[in-house]
Amino acid sequence: MTNNREGPARVRFAPSPTGHLHLGGLRTALFDWLWARKTNGQFILRIEDTDRRRFDPDSLESLKKGLRWLGLDWDEGPDIGGPFAPYVQSERRKIYQEKAQELVERGRAYRCYCTAERLATMREEQRRAGKGTGYDRRCRALSDDERRRYEAEGKPSVIRFAVPLEGVTVFNDLLRGDIEVENRQLQDEVLLKADGLPTYHLAAMVDDNLMEITHVLRGEEWLATAPIHKLIVDAFGWDMPVLVHLPVILDPSGKGKMSKRKKMVAGKEFLALVHEFQDSGYLPDAMFNFLTNVGWNFDPDQEVFSREEAIERFSLDEINPSAAALPYEKLDWLNGLYLRALTPSALKSALLPFLSQQLGLSETELKSDRRLDVLIPVVQERIKRLDEAVSWIDWAFLKSDEISYSDPKLLIGRKLDARQSVEMLRAAANVLQGVEPFCAEAIHAAFRERAEALGVKAGSFFGPVRGAISGKKVSPPLFESIEAVGREETLQRIGLAVAFLEEHSALEGG
RNA sequence: GCCCCCAUCGUCUAGAGGACUAGGACUCAGGCCUUUCAAGCCUGCAACAGGGGUUCGAAUCCCCUUGGGGGUACCA
């Protein structure tokens, strides 16, 4: 494939540090990384911090954390450096100033002295006249005298690119082919701002060239300005990198680009930021798998695959150019799959931070808690996210005097009344006193035997016990639960349940 | 408004003129299994936006319409 270009690729992920990384950005980085690894090339992290107003000092760390979380390691970038350092644009301002000046001298750009106020009123008038907005190129026509006078007055200025007034510009997008735009539709974009920092249009083109970037993957929102970029690159006499505009990620409603702002869809708040997914207990491997398959498809008959397999098969020209909403439910399903594939001890370590926080116990305390060793394997196939585990096992960490039964129904067995249920609980206590060893398997066998002897269905016999020890209608498998809390504690709880039930059935006149 | 992009089940997608009675996955519904809930297995519901062409033949190519998205900053 000619457009994929042979040989190692140099691709860059170039976020601007204006806030937390969201899933759209992460997906772009992922595709960058996949392509770099696929071609044995380099994945470069470049920070585009040329907007001083929107700069957020915390976001750089957040950005890096998000990339590391997904396992996207970069070969060149801030703090690790590289042959084209620095990788932070604010540290490269001199380069941009020189390049902008170069274009001015060659007549491809010009200084513009228009104030923000004038621009604003101009736009307002254009709007009122029902015309398209855009710079009217007033300063492009300045005479040398006027220019000298403004400079002498020390008037602040920007440098604007001088777009050819006629003709068409053609650029190529790998996914969409050649795209033609009439030059008269284009603006004389600002290249260098009054504060001496470049705009994206200049900075990205300069750096991509200097850093020898071969493929540019970026969001589709850049498609409209791509002709400008082509013109700028041409003006410098450089080659255009391969352009791949990735489809935007839509919010779950399928309407509108997903943004960092919280939005409610169908009465539910949905996650958008990388750290939110982290905090909710999604596994990086699951996220990697998930994200790889939106906008690109590994294999129509294989949903689950490894990083290595993804690298092996990934190809830029197979990317689907149409916008996509994230299938969140599929992510949950996938995460559950990855969760279940973990070894119990790996799951335990993954769970520790969540349980520690939610249970209010220290991680060291939990690490040696044998209740977890019994419970984790059975919780494993019941959760889709790490943060769901606690609600399955919190009851086991209650002291017996903290146990409470919200409703007597909880303790009533299938097709039984309160009196019969009390009998079941007493029988269970009796069984438990004698079971040896006190493990799930032995308890299970003994319970079955007793149920049969009593002539009741297993469900009728087990139900009240489940309610007694967990205080819940739905809980992990009973015998593991019993093993986890231990003989003594189980008997305690059964005793409490009996008392509760007797009191309530008495009140009901039973 | 103007410019650009996109268009297959609810969602993510396979499909590059005949292999399409349009395939897979998630969700949903039903069933099996079962100590609750899950997990697992099986079955089912469900799509080529519309209209014109081109062609022996169109989900696939072209045009129009419609719909959706993006852009229209001294933001990226």
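Every chain is numbered from 1 and lettered A, B, ... according to where its sequence line falls, protein lines coming before strand lines. In this text, all values refer to a predicted model and were calculated from it rather than measured experimentally.
- Atom pair Gln89(A):CD and A76(B):P shows a separation of 9 Å (rounding to whole Å applied).
- Pairing for G44(B) goes to C28(B), judged as Watson-Crick or G-U wobble with the two contacts each under 3.5 Å.
- Here the nucleotide nearest the side chain of Glu381(A), chosen from C74(B), A39(B), U36(B), is A39(B).
- Taking atom C1' in both C4(B) and C12(B), the straight-line distance is 25 Å, to the nearest Å.
- Across C37(B), C74(B), A39(B), the shortest atom-to-atom separation from the side chain of Arg53(A) is found for C74(B).
- Heavy atoms of Pro476(A) sit under 4.0 angstrom from at least one base atom.
- Val158(A) comes within 4.0 angstrom of a nucleotide base, judged by non-hydrogen atoms across all strands.
- For the OP1/OP2 pair of G1(B) and a distance below 4.0 Å, the side-chain nitrogens and oxygens of Arg127(A) include no atom meeting the criterion.
- Nucleotides C42(B) and A49(B), compared at atom C1', are 34 Å apart to the nearest Å.
- In this structure, Gly295(A) reaches the sugar-phosphate backbone alone: every heavy-atom distance under 4.0 Å involves primed, P, OP1 or OP2 atoms, never a base.
- The nearest whole Å value for the distance from the CD1 atom in Ile393(A) to the P atom in A38(B) is 19 Å.
- Among the atoms of the strands shown, only primed sugar atoms or phosphate atoms (P, OP1, OP2) are found under 4.0 Å from some heavy atom of Pro198(A).
- Salt-bridge check for Asp332(A) with Lys384(A): failed, with every basic side-chain N at 4.0 Å or more from each acidic carboxylate O.
- Taking the C1' atom of each, C64(B) and U27(B) are spaced 36 Å apart, rounded to whole Å.
- Among the protein residues, Cys114(A) comes within range of the nucleic acid bases, having at least one heavy atom under 4.0 Å from a base atom.
- With C37(B), U27(B), U13(B) as the candidates, the nucleotide lying closest to the side chain of Trp392(A) is C37(B).
- Checking Ser475(A) against Arg466(A) by side-chain atom types alone, a donor-acceptor pair falls below 3.5 Å.
- The CG atom of Asp136(A) sits 18 Å away from the P atom of U72(B) (whole-angstrom rounding).
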Close N or O pairs between protein and nucleotides 5-9 of chain B (under 3.5 Å):
unit_1, atom_1, unit_2, atom_2, d
C5(B), O2', Arg176(A), NH1, 3.2
C5(B), O2', Glu220(A), OE2, 3.3

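- Residue Asp332(A) contributes atom CG, which lies 18 Å from atom P of A25(B) at whole-angstrom precision.
- The base-pairing partner of A19(B), taking Watson-Crick or G-U wobble contacts with both distances under 3.5 Å, does not exist among the strands shown.
- A gap of 12 Å separates the P atoms of C3(B) and U65(B), to the nearest Å.
- For Ala325(A), counting side-chain heavy atoms from C-beta on, the closest listed nucleotide (C12(B), A73(B), A76(B)) is C12(B).
- A straight line from CD1 of Ile228(A) to P of G71(B) spans 16 Å, rounded to a whole angstrom.
- Here the two rings, on His229(A) and Tyr200(A), have centers that are under 6.0 Å apart.
- A salt bridge links Asp387(A) with Arg385(A): at least one charged nitrogen is closer than 4.0 Å to a carboxylate oxygen.
- Within the shown strands, U72(B) is the pairing partner of G1(B) under the Watson-Crick or G-U definition, both distances less than 3.5 Å.
- Listed pair Lys193(A) / C75(B) meets the phosphate criterion, a side-chain N or O lying under 4.0 Å from OP1 or OP2.
- Set against C12(B), G40(B), A73(B), the side chain of Leu337(A) has G40(B) as its closest nucleotide.
- With distances taken from any side-chain atom of Glu221(A) to the nucleotides G10(B), C74(B), G71(B), the minimum falls on G71(B).
- Cation-pi geometry between Arg160(A) and Tyr135(A) is met: under 6.0 angstrom from the ring centre, within 45 degrees of the axis.
- Under 4.0 angstrom from either OP1 or OP2 of A76(B) there lies at least one side-chain N or O belonging to Thr50(A).
- Residue Ala310(A) comes nearest to Phe288(A) through the heavy atom pair CB-CE2, 4.0 Å, listed as atom of the first residue, atom of the second, then distance.
- Nucleic acid contact class of Pro477(A) (heavy atoms, under 4.0 Å, all strands): base.
- The interatomic distance linking His245(A) (NE2) with C3(B) (P) rounds to 20 Å, in whole Å.
- Ring centroid separation for the pair Phe462(A) and Phe479(A) comes in under the 6.0 Å cut-off.
- Nucleic acid contact for Phe479(A): base, since at least one base atom lies under 4.0 Å from a heavy atom of the residue.
- Among the protein residues, Pro300(A) comes within range of the nucleic acid bases, having at least one heavy atom under 4.0 Å from a base atom.
- The separation between Leu202(A) atom CG and A76(B) atom P is 11 Å, rounded to whole Å.
- Among the protein residues, Ala194(A) comes within range of the nucleic acid bases, having at least one heavy atom under 4.0 Å from a base atom.
- Computed from coordinates, the Gln302(A) CD to U13(B) P distance equals 17 Å when rounded to whole Å.
- Nearer to the 5' terminus of RNA chain B, by closest-nucleotide assignment, is the contact made by Glu182(A) (compared with the other of Cys112(A) and Glu182(A)).
- The gap from the C1' atom of G69(B) to that of C74(B) amounts to 27 Å, rounded to the nearest Å.
- Using Watson-Crick or G-U wobble geometry with both donor-acceptor distances under 3.5 Å, A7(B) finds its partner in U66(B).
- Going from the P atom of C28(B) to that of A73(B) covers 44 Å, rounded to whole Å.
- For Val248(A), the listed nucleotide lying nearest its side chain is G69(B); candidates were C74(B), G69(B), A76(B).
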Problem set entry | Residues Arg184(A), Glu182(A); criterion salt bridge (Lys or Arg N to Asp or Glu O under 4.0 Å); working and verdict | CA-CA 5 Å; Arg184(A) 62 186 174 82; Glu182(A) 291 182 74; 3.1 Å; yes
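- Look at Glu125(A) and Arg128(A) and you find no salt bridge, because none of the NZ, NE, NH1 or NH2 atoms lies under 4.0 Å from a carboxylate O.
- Candidate nucleotides A14(B), U27(B), C74(B) were compared by shortest atom distance to the side chain of Leu119(A), and C74(B) ranks first.
- Side-chain proximity of Lys330(A) to the nucleotides C26(B), C4(B), A76(B) is greatest for C26(B).
- When the nucleotides C26(B), C37(B), C75(B) are ranked by their closest atom to the side chain of Arg54(A), C75(B) comes out on top.
- Nucleic acid contact class of Gln185(A) (heavy atoms, under 4.0 Å, all strands): sugar-phosphate only.
- Separating the C1' atom of C20(B) from that of C9(B) is a span of 15 Å, rounded to the nearest Å.
- A residue-by-residue look at Val294(A) and Gly463(A) shows that Val294(A) has its nearest nucleotide of RNA chain B further toward the 5' end.
- One C1' atom belongs to C6(B), the other to C48(B), and the distance between them is 15 Å to the nearest Å.
- Relative ring orientation between Phe31(A) and Phe314(A) is described as tilted, the plane-to-plane angle lying within the 30° to 60° band.
- Note on ring orientation: taking the six-membered ring where Trp is involved, the planes of Phe298(A) and Phe305(A) are parallel (angle under 30°, cut-offs 30° and 60°).
- Arg53(A) has no carboxylate O lying under 4.0 Å from a charged side-chain N of Asp195(A), or vice versa, which leaves the two without a salt bridge.
- Between Thr199(A) and A73(B) there is no side-chain polar atom (N or O) within less than 4.0 angstrom of OP1 or OP2.
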